[in-house]
Amino acid sequence: MADERQRGVRVTDPFVHLHVASGYSMRYGANHPADLVARAAEHGMTALALPDRAGLYGAVTFARSCRSAGVRPIFGVDLAIAPAVDTTLPPALARPVGGAAPPPRMRAPSTRRAPARGGASVDPRLPRVTFLARDGAGWRSLCRLTSATHLRSPRGEPVSSLAMAAEHAPGLIAVLGPDSPVGRALLTGRADLAVAHLDTWRAAFGPGRLVLEVVHHRGQGDRSRAQAMLRFAAETGVPVVLSNAVRYVDALDAPTADVLDAARRLVPLAARHVDRRTAEGYLKSGKEMAEVAEEIVGPDRDAALRLLERTARLAEQCVVDVADDLGIGSVRYPELDVVTTVAERGMGPSQVLRARCEAGMGRRGMAPSERVHQRLDEELAVIDSLGYPSYFLTVADVVDLIKSLRVRAAARGSGAGSLVTYLLGISDVDPLRYGLLMERFLSPLRVQLPDIDIDVESARRMEVYDAVIDRFGADRVSCISMMDTYRVRHAIRDVGAALGLPPAEVDAVAKAFPHIRANQVHAALRDLPELRASRLGSRRSGGSGDLDLLFDLVARLDGLPRHIALHPCGVLLSDATLLDRTPVENSYLGYPMSQFDK
């Protein structure tokens, strides 16, 4: 196999990891999706699943990394589940598990203490269930389920439920692992409770859409727990798959995961505060996973092969089209009847755009000369050829809405070079008068959505957001989010707290660094005179070496997401299927924002 790799022949590995967390599992996964995909490709794996915790934040990055590496992406999400057996079942599913339909439950108030004291007060360690998308319907269900989980929970504490999962079950496969309600019941020796939990999930998802998951990280008691799950699967007739519950690319990245556990829980590093007991939760090769399967089942080699085959079979069932289902590479506009008047109904977008431009000549006091008509015809021909008439109509509608609020706004950038934007009222600059070229803004040689920047007075930005949501509807509008990632000061503070260093000293060290990336920490200690004089670096560079461990861990956190926030400049506008393609959650100000960052 090594010789074949050296000759450039790609050796395929039939194993597929179905439970992998990247850095987009906030303060849990220790590596970027691209690194995980690259390692899977090195192993020769043809597919990889990325069910990140609490959201689909990394789905687009993951999909693009998979496309570059020739790996098929499998999409999923890992959600915390409210601990209940059958009381959370929707009325339609109450009868199959026995008993009358329970009354609807109010959402329990947040149990977080104020101020937060760390540990269980910020991370209650609820049971978790993984959901994988089988097809396009599954992707839509993933988005809707993730959105519902966030929108019905306190911000920053997303907790789903069996009722929510059942409501969005079409196209999904539920994977119940060691940390699921079933797995936790088996761990405590309550097989009867495990059966009760399993029956409720079976009733919600039906046959063929529910599997059990075994994990063996070679820690104390891991093998017996995995064997107990296998026996339970055989007794109940539920398919079982093998995963490695991956959190990092290499075993050497395990300390990074420990730091993230401590940072997430606001506690210093200690055995009781970290989730791992071994460093086995890395992205193993198929050969290594075959060895894990053999360790679990014992001498029965056929049973190990069956376990691996069922895992591969489940991966084969999960096929989501990145272009059609996620919408990557395509553009969708609000429906035409949303941005047109009653008098314009029955006209196509190109006809409406031309009619509005011609009407705009009168509004602008522009004589309909041959030069004007020629320029307008040329621009409209380019816009038509690229399929952008609806885009210009939508932007014009938004600008009219802003002006109706008497909010100051102005177009900026190359969009001011278009006669169409001037006639629609988007821009107030006459491109003919000032000799501006449209080609800098839009050209058939550059097939990408033209960028029309609209500057709005910042003090009234929220009014504009409210008006756009009211105008187009919450199912077509989402604010844009941005991902706050670890840079050197953030990383020093979190690592220092995890190591139990005095807060005042950690703060002083963090402030000694400029605003740079976390992976530049060693270079800064070596190259910046003020940091060299502080002797914070290693002994090799003339420092004391006391903080070497701190800085090594800081560099490992570089670029990992910390939290998501509302982007201050922009909204997403689409048709009524927007929420089938992107999950949303509430921002601090209460505005829905897409989980896909700008």
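Treat the numbers as computed from the prediction; the structure is a model and nothing was measured.
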Subject >> Donor-acceptor contact below 3.5 Å, side chain His217 vs main chain Asn244 >> reply: yes
Subject >> Results of side-chain contact (heavy atoms from CB on, under 4.5 Å) for Ala303 - residues two or more places apart only >> reply: Val297, Asp300, Arg306
Subject >> Pair Arg276 + Asp261: basic N to acidic O under 4.0 Å >> reply: no
Subject >> The single option from Leu142, Leu50, Leu56 passing side-chain contact (heavy atoms from CB on, under 4.5 Å) against Phe75 >> reply: Leu142
Original post:
For Ile469 and Pro592, which heavy atoms make the closest approach, and how far apart are they?
Top reply: CD1-CD, 4.2 Å
Subject >> Check: Asp222 side chain, Gly219 main-chain N or O, donor-acceptor pair, under 3.5 Å >> reply: yes
Original post:
Counting only N and O atoms by type, is there a donor-acceptor contact under 3.5 Å from the side chain of His43 to the main-chain atoms of Leu283?
Top reply: yes
**OP:** Check whether any side-chain heavy atom of Leu572 sits under 4.5 Å from a side-chain heavy atom of Val477, and report yes or no.
**Re:** no
Subject >> Atom of Ala191, atom of Phe232 and distance for their closest heavy-atom approach >> reply: O-CE1, 4.3 Å
**OP:** Determine yes or no for a side-chain-to-main-chain donor-acceptor pair under 3.5 angstrom, with Asp321 supplying the side chain and Ala323 the backbone.
**Re:** yes
Original post:
Under the criterion side-chain contact (heavy atoms from CB on, under 4.5 Å), which of Val241, Thr311, Leu307 is the partner of Val214?
Top reply: Leu307
Subject >> Cation-pi, Tyr28 ring and Arg247 (6.0 angstrom, 45 degrees) >> reply: yes
Original post:
Would a distance-only check, ignoring hydrogens and angles, find a side-chain to backbone donor-acceptor pair under 3.5 Å from Thr200 to His197?
Top reply: yes
Original post:
Hey, do the aromatic rings of Tyr248 and Tyr282 have their centres closer than 6.0 Å?
Top reply: no
Original post:
For residues His216 and Glu280, is any side-chain donor paired with an opposing acceptor at under 3.5 Å?
Top reply: no
**OP:** Quick one: pull up NE2 in His567 and OG in Ser481 and give me the separation to the nearest 0.5 Å.
**Re:** 9.0 Å
**OP:** For residues Cys318 and Leu132, report the shortest heavy-atom separation together with the two atoms involved.
**Re:** SG-CB, 4.3 Å
Original post:
In Å, rounded to the nearest 0.5 Å, how long is the span from CZ of Arg313 to CG of Leu308?
Top reply: 11.0 Å
Original post:
Could you go step by step and tell me if Leu151 and Asn586 meet the side-chain contact (heavy atoms from CB on, under 4.5 Å) rule?
Top reply: CA-CA 6 Å; Leu151 298 178; Asn586 278 330; 3.6 Å; yes
Original post:
Hey, which of Asp258, Asp494, Asp275, Asp52 is the one that makes salt bridge (Lys or Arg N to Asp or Glu O under 4.0 Å) with Arg27?
Top reply: Asp494
Original post:
Relative to the ring of Trp201, is the ring of Phe205 parallel (under 30°), tilted (30 to 60°) or perpendicular (over 60°)?
Top reply: parallel
**OP:** Evaluate the side-chain proximity of Leu260 to Leu557: yes if any heavy-atom separation is below 4.5 Å, no if none is.
**Re:** yes
Original post:
Can you name the residues that form a side-chain hydrogen bond (donor to acceptor under 3.5 Å, both in side chains) with Gln317, not counting sequence neighbours?
Top reply: none
Original post:
How far apart are the closest heavy atoms of Thr146 and Ala54, and which atoms are they?
Top reply: CG2-O, 4.1 Å
Subject >> Partners meeting side-chain contact (heavy atoms from CB on, under 4.5 Å) with Arg128 (sequence neighbours left out) >> reply: Arg53, Asp78, Ala80, Asp179
**OP:** Would you please say whether a donor-acceptor pair under 3.5 Å links the side chains of Ser478 and Ser594?
**Re:** no
Original post:
Does some side-chain heavy atom of Pro181 sit less than 4.5 Å from a side-chain heavy atom of Val129?
Top reply: yes
Original post:
Okay, side chain of Arg223, backbone of Glu295: is any donor-acceptor separation there less than 3.5 Å?
Top reply: yes
Original post:
Would Val320 and Leu326 satisfy side-chain contact (heavy atoms from CB on, under 4.5 Å), going step by step from the backbone distance to the final call?
Top reply: CA-CA 8 Å; Val320 175; Leu326 273 70; 3.7 Å; yes
**OP:** Could you tell me whether Arg39 and Asp250 make a salt bridge, using a distance below 4.0 angstrom between a side-chain N and a carboxylate O?
**Re:** yes
**OP:** Applying side-chain contact (heavy atoms from CB on, under 4.5 Å), run through Leu579 and Arg144 and close with a yes or a no.
**Re:** CA-CA 7 Å; Leu579 300 185; Arg144 296 281 182 173; 3.7 Å; yes
**OP:** Check step by step if side-chain contact (heavy atoms from CB on, under 4.5 Å) holds for Leu176 and Leu210.
**Re:** CA-CA 8 Å; Leu176 305 179; Leu210 183 73; 3.7 Å; yes
**OP:** Supply the atom-to-atom distance Arg155 CZ to Leu589 CG, rounded to the nearest 0.5 angstrom.
**Re:** 9.0 Å
Original post:
Under 4.5 Å between any side-chain heavy atoms of Val238 and Arg202, yes or no?
Top reply: yes
**OP:** Indicate the atoms forming the closest heavy-atom contact of Gly171 with Asp135, along with that distance.
**Re:** CA-OD1, 3.7 Å
Subject >> Full working for side chain to side chain donor-acceptor pair (under 3.5 Å) between Ser285 and Glu288 >> reply: CA-CA 5 Å; Ser285 66; Glu288 291 174 301; 3.3 Å; yes
**OP:** Identify, with sequence neighbours excluded, every residue that meets side-chain hydrogen bond (donor to acceptor under 3.5 Å, both in side chains) alongside Arg562.
**Re:** Asp484
**OP:** Answer yes or no: is there a side-chain heavy-atom contact under 4.5 Å between Pro561 and Tyr57?
**Re:** no
Original post:
What distance do Leu230 atom CG and Leu212 atom CG have between them, rounded to the nearest 0.5 Å?
Top reply: 9.0 Å
Original post:
Less than 4.0 Å between a side-chain N and a carboxylate O, is that true for Glu294 and Arg301?
Top reply: yes
Subject >> From CE (Met45) to CE (Met289), nearest 0.5 Å >> reply: 8.0 Å
Subject >> Backbone N/O of Val584 and side chain of Ser147: donor-acceptor pair under 3.5 Å >> reply: yes
Original post:
Are Leu126 and Pro83 close enough that some pair of their side-chain heavy atoms sits under 4.5 Å apart?
Top reply: yes
Subject >> With Arg487 via side-chain contact (heavy atoms from CB on, under 4.5 Å) - residues at least two apart >> reply: Arg517
Subject >> Lys/Arg-Asp/Glu bridge criterion (N-O < 4.0 Å) met for Arg581, Asp575 >> reply: yes
**OP:** Output all residues satisfying salt bridge (charged side-chain N to carboxylate O under 4.0 Å, His left out) with Asp35, sequence neighbours left out; order by chain, then residue number.
**Re:** none
**OP:** Quick one: pull up CZ in Arg134 and CD1 in Ile74 and give me the separation to the nearest 0.5 Å.
**Re:** 12.5 Å
Original post:
Is it true that Lys284 and Glu291 have a side-chain N and a carboxylate O under 4.0 angstrom from each other?
Top reply: no
Subject >> Side-chain touch Ser160/Leu145, heavy atoms, less than 4.5 angstrom >> reply: yes
Original post:
Hey, is the main chain of Gly327 close enough, under 3.5 Å, to the side chain of Ser330 for a donor-acceptor pair?
Top reply: yes
Original post:
Side chain of Ser25, backbone of Ala21: donor and acceptor closer than 3.5 Å?
Top reply: no
Original post:
Checking Arg184 side chain against Ser180 main chain: does a donor-acceptor pair fall under 3.5 Å?
Top reply: no
Subject >> Shortest non-hydrogen contact between Ala41 and Val71, atoms and distance >> reply: CB-CG2, 4.1 Å
Original post:
Can you find a heavy atom in the side chain of Val60 that is under 4.5 Å from one in the side chain of Ile328?
Top reply: yes
